[in-house]
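What follows is one structure encoded as structure tokens, with my remarks underneath.
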Amino acid sequence: MRLRSQPAERIDRNHPITFTYAGEEHTGFAGDTIGSALYAAGRRVFSRSFKYHRPRGLLCCSGHCPNCMMTVDGVPNVRVCVEPLRPDVDVRDQNVRGSADRDLLGVVDKIGGPFTPVGFYYRTMIRPRRAWPLYEKVLRNLAGLGRVDEKANGHGPYVTVHRRVDVLVIGGGPAGRAAAEAAEGKVLLVDDRAAYDASYEVLSPATALAIYEGGLVPVAAGNTLHRIRAGRIVVATGALEQPLLFPGNDLVGVMLPDAVRRMVDEWALQPGERAVLVGEAAVDLKLQLARAGVEIVAVSLRPESLSAHGRRGRLASIDLDGERIDCDLLVVSGGLQPAYSLLAQAGARIDYEPRRGIFVPTELPAGVEVVGAAAGDIEQVPAPAVLDGRGDKCFVCICEDVTTKDVKRALREGFDSIELAKRYTTVTMGPCQGKLCQLASTRLLAHETDTDESAIGTTTARPPWRPIELGLLAGPHHEPAKLTPLHQRHEALGAEVIWTGAWRRAFHYGDPAAEVRAVHESLGVIDVSTLGKVIVEGPGAAELLDRLYPNRFSDLKTGRIRYGVLTSDGGRIMDDGTVARLDDELFYVTTTSTGSEGVVEWFEWWNAIWGYDVEIVNVTGALAAMNLAGPLAREALAPLTDAPLDNESFRYLDAKEIAVAGVPCLALRIGFVGELGYELHCPATDAGSLWDALVTAGATPFGLEAQRVLRLEKGHVIVGQDTDSESNLLSARMGWTIKDDKPDYVGKPAVPHLEVREKLVGFTSDVLPPEGAQIVRDGRIAGRVTSSRLSERVGGAIGLAWVDPDCAEEGSVISIRVDGTLRPATVTLAPFYDPEGALLRS
Amino acid sequence: MSFLLTCPHCGSRPVDEFRYQGEVTRRPGPVATLRELTDYVYFRDNVAGVQREWWYHRTGCKTWFVAERDTRTNEVLRTLIPAPTGVATPQ
Ligand code: FES
Ligand SMILES: [Zn+2]
């Protein structure tokens with residue numbers, strides 16, 4: 001039912017929109033909200049209350065109260081009074097058994113019993129203990145608001161947007177618009193109502209949720225969260241209409257003035273037939289109501305006593321100062337309260353002002369201003385804290401169904417501060433977040449304890465300003481992955497791809513054991529583009545590296561390579577890799593796959609302190625790298641390059657710039673996997689053709705798993721897998737890299753103090769212990785396995801483990817717990833395979 | 001934590017663009033007693049007040065700089081690229 005056309009109505013009667021409510025089809029108009037369309041369709045009860053399941057109807061029509069929350073397209077707790085109507089939207093009741101009109105749980109309101117008193121859950125259900133799981137199940141079923149439909153996708157994807165403006169105005173009322181008009185620079189106004197044209201940018205409908213430090217304001221606009229940084233923030237959030245406290249103040253048909261105004265003016269709805277107006281702002285509505293054909297049966301600016309009586313939850317009559325009046329609409333106004341929450345969050349002080357009965361913000365933080373009604377620009381006489389009257393329940397907080405009786409009871413039990421009363425009664429903790437109950441509860445407490453409101457104070461304002469979906473905070477789901485330039489080659493080969501840090505790497509190509517065999521017996525190639533690659537160049541390069549590593553590089557000859565381990569100043573192992581000297585002042589440093597960023601930052605940090613004349617450049621992404629390894633490596637490489645590869649011209653640990661298959665490469669003769677090998681570093685763009693040439697030359701691609709077996713056969717340590725944040729060079733048996741005759745280097749002050757509480761050793765065993773298995777000695781844990789694999793070459797299980805120092809002897813027998821039983825293993829200090837390194841040097 | 005930091009190169013930026021490296025500490029010389037070493041490696045002043053600390057503009061210009069920040073309010077009073085202390089081995 002609609003009124004005839006209203007002067008400023010928002011609905012477009014030429015554009016009907018159909019939607020479903022509880023499975024039934026209804027029609028509204030463009031410009032309607034779901035709430036107004038439902039009202040037009042005859043709906044009066046919009047929800048059931050949280051605890052007592054009392055019928056509730058439109059109260060504020062401003063998105064402030066909990067009364068119109070429904071499940072819309074599977075999204076629970078949508079305030080339909082402000083949710084624009086869209087075609088085919090599916091609207092359902094929530095928090096009911098049956099329907100909002102006939103909710104079986106409404107019985108709670110009548111029988112009361114254990115559910116009624118405040119704090120019942122703190123004391124009613126604790127005995128007998130055994131029964132708690134049952135209670136819990138029942139309570140969980142009853143509690144909560146709405147249900148998330150995991151299958152529904154009414155919300156769509158969430159987006160986060162970052163913005164920076166000079167001036168952000170929050171609120172598009174007259175004061176906000178004037179402030180935006182007058183502001184200079186890039187001005188943005190956020191408004192929770194419909195968009196309009198202006199000389200500045202308007203973001204609407206959108207809601208500012210909080211003000212964080214650094215002028216950060218998250219703004220919710222549909223599925224987008226705008227993270228706005230503003231140099232200046234102008235808060236123009238206006239004021240909130242406050243309800244009055246009287247018995248029956250939650251009945252369907254009790255409304256705030258703004259709700260009535262919007263219903264008539266914007267949606268051409270008749271809010272009732274017989275109206276009583278209470279309070280100044282309500283009396284102002286005479287015109288609207290006359291236009292809407294509503295009979296005004298009584299008016300009172302300041303009643304002494306008031307109570308409302310319902311029939312099936314809907315307003316039927318009131319007692320106003322002793323007079324019984326039949327009516328179906330009661331417009332009440334308890335005055336205005338500045339909407340200060342954003343300011344309070346930002347650190348403003350909030351003071352009570354008794355003359356007007358409001359809390360006003362004072363002492364604003366730097367960069368934040370407040371204008372208009374939010375600043376307290378309101379003239380009014382305070383309404384009484386609570387009206388006399390008898391009858392129904394009198395609600396302080398309609399979100400959580402807290403009554404004046406509950407607050408009084410809490411007071412009697414000693415919860416006399418607002419923060420305690422809040423936690424005990426849950427007043428102000430519901431979906432309205434205190435918008436309609438903060439002032440009322442403070443004033444009620446003051447009234448009951450005979451103190452003044454400033455002594456009671458307010459509860460702490462916390463973000464967000466209105467409830468929002470978690471998805472909005474989570475934002476879009478990102479899973480950044482680093483791919484090497486050869487990634488498509490691996491996928492084409494059917495590689496199993498795994499995560500290693502942020503990298504996606506080929507784990508194997510189907511048969512890792514065959515890949516291991518290929519490297520040992522003929523030729524393999526592995527993509528090692530994930531290695532960190534760093535250029536260190538400049539007159540101070542050699543000295544800088546000497547100071548960063550315990551090892552020495554200043555005496556490294558041009559064209560040669562040396563292994564290096566990085567330690568912290570506390571002497572702990574951080575990363576490892578190779579350092580190749582390409583020229584007097586030019587070094588090429590590799591790091592672990594996950595360590596490149598950290599190592600570069602570490603280098604740069606130390607050099608910010610020391611100030612060597614050096615450039616440090618991370619070229620990890622610019623270069624690809626592949627390791628060609630196996631007894632046939634030289635033969636396979638020879639036809640692809642003009643460079644001499646014989647063992648005199650290109651020795652083990654030589655670094656040479658050569659062309660391979662026409663691709664310029666830095667070739668490093670090193671051997672992580674223990675066979676004759678060339679690690680070829682080339683521009684990322686050439687990686688594909690180089691890889692193809694190597695595969696065509698007979699190299700079998702091998703993956704990470706084969707590499708892990710091969711390196712373990714060599715006893716090569718993986719930093720981060722075999723070492724942890726406690727490992728030092730002595731305990732990891734890498735003391736040989738320490739050149740302690742250097743005057744200083746990172747980690748040097750710690751060297752004399754390094755303790756060897758355990759040692760990293762190799763072991764062989766008949767059974768394969770899982771990585772992480774315990775080493776047990778005399779019934780106590782005395783170490784752990786860090787790496788383990790079956791090795792065809794060695795013929796059994798091999799691994800690395802931390803053991804007591806006195807067990808770290810060649811041939812010591814240790815016990816490893818495998819599947820609950822202790823299995824013997826034998827300590828081996830030398831590499832399991834080619835202990836002399838003859839193959840590497842061959 | 002959403003305060004702004006002024007990178008000496010790039011200007012005012014949100015804190016999430018930076019890596020925090022903790023208080024500026026005093027490194028003992030290459031020869032240190034265990035107590036000196038432990039103080040330097042593990043102990044921090046953790047003042048409630050203005051603290052000098054290292055920051056790195058990780059998603060920006062990749063510069064290390066020192067900020068003076070009030071740990072109570074997150075107000076950053078000053079940022080600067082400190083002059084290197086030089087390369088001479090401290091005695
Ligand atoms: S009626 Fe919708 S929020 Fe109050
Ligand atoms: Zn910068």
Side-chain angles (χ1 to χ4, degrees), chain A residues 162-164 210-218 227-231 347 365-367 463 539-540 543-544 546-547 567-572 597-598 600-614 616-618 740-755, chain B residues 1-6 8 11-22 24-43 54-59 61-66 69-70 72-76 80-91:
Chain A
H162 297 256
R163 304 228 11 213
R164 206 152 178 164
I211 298 177
Y212 291 105
E213 63 184 357
L216 175 67
V217 179
R227 288 170 54 101
I228 298 172
R229 290 275 184 181
E543 213 181 316
L544 173 68
D546 269 1
R547 286 187 72 145
T567 63
S568 67
D569 243 344
R572 312 295 180 193
E597 271 96 0
V600 170
E601 288 172 13
W602 179 249
F603 283 11
E604 287 175 343
W605 182 55
W606 281 104
N607 205 38
I609 298 171
W610 294 326
Y612 284 105
D613 184 3
V614 164
I616 299 158
V617 186
N618 189 347
D740 209 33
D741 54 339
K742 290 191 295 179
D744 195 10
Y745 55 87
V746 178
K748 182 173 171 97
V751 168
H753 308 293
L754 292 181
E755 287 179 34
Chain B
M1 217 188 51
S2 65
F3 60 95
L4 298 167
L5 264 173
T6 302
S12 165
R13 298 296 180 95
V15 67
D16 12 36
E17 289 191 9
F18 299 87
R19 162 181 168 178
Y20 176 61
Q21 173 84 344
V24 173
T25 52
R26 274 182 64 87
R27 185 176 187 265
V31 180
T33 65
L34 185 59
R35 172 162 288 274
E36 288 165 339
L37 180 77
T38 311
D39 269 358
Y40 159 60
V41 174
Y42 297 108
F43 287 90
W54 281 106
W55 290 85
Y56 178 72
H57 198 181
R58 177 177 271 165
T59 58
C61 64
K62 304 199 180 280
T63 296
W64 282 101
F65 61 93
V66 168
R69 179 177 64 102
D70 191 322
R72 296 163 302 183
T73 60
N74 278 341
E75 190 189 349
V76 179
L80 63 141
I81 298 174
T85 57
V87 295
T89 304
Q91 294 309 314

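Proteins come first, then strands; the chains are lettered A, B, ... in the order of their sequence lines, and each starts at number 1.
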> With only heavy atoms counted, which part of B:E36 is less than 4.5 Å from chain A, the side chain, the backbone, both or neither?
Replying inline: neither
> Has the side chain of B:T85 got a donor or acceptor atom that lies under 3.5 Å from a matching backbone atom of A:W610?
Replying inline: no
> In terms of heavy-atom proximity below 4.5 Å to chain A, should B:F65 be classed as side chain, backbone, both, or neither?
Replying inline: neither
> What option among A:G747, A:A750, A:G571 has the most heavy-atom pairs under 4.5 Å with chain B?
Replying inline: A:A750
> For the residue pair B:T73 and A:E213, what are the closest heavy atoms and their distance?
Replying inline: O-OE1, 3.9 Å
>> Are B:K62 and A:V600 packed together at the side-chain level, in the sense that at least one heavy-atom pair is separated by less than 4.5 angstrom?
In response: no
> Using non-hydrogen atoms only, which part of B:L37 is less than 4.5 Å away from chain A: side chain, backbone, both, or neither?
Replying inline: side chain
>> Students often mix this up, so state it plainly: with edges at 30° and 60°, are the rings of A:W605 and B:W64 parallel, tilted or perpendicular?
In response: tilted
>> Counting heavy-atom pairs under 4.5 Å with chain B, which one of A:G214, A:P752, A:G570 comes out on top?
In response: A:G214
>> Looking at every heavy atom in both B:S2 and A:R229, which two are closest together, and how far apart are they?
In response: O-NH1, 2.6 Å
> When rounded to the nearest 0.5 angstrom, what distance separates CZ in A:R164 from CZ in B:R13?
Replying inline: 7.5 Å
>> For B:S12, which atoms come within 4.5 Å of any heavy atom of chain A: side chain, backbone, both, or neither?
In response: both
> Do A:P749 and B:R27 have side-chain heavy atoms sitting under 4.5 Å apart?
Replying inline: yes
> Between B:P82, B:P14, B:A83, which shows the greatest number of heavy-atom pairs under 4.5 Å with chain A?
Replying inline: B:P14
> Heavy-atom distance under 4.5 Å to chain A: side chain of B:Y56, backbone, both or neither?
Replying inline: side chain
>> Determine whether A:H753 and B:T38 satisfy the following criterion, side chain to side chain contact (heavy atoms under 4.5 Å, CB included), listing intermediate values before the conclusion.
In response: CA-CA 10 Å; A:H753 308 293; B:T38 311; over 6 Å; no
>> I'd like to know which of A:K748, A:E601, A:K742, A:R227 tops the heavy-atom pair count under 4.5 Å against chain B.
In response: A:E601
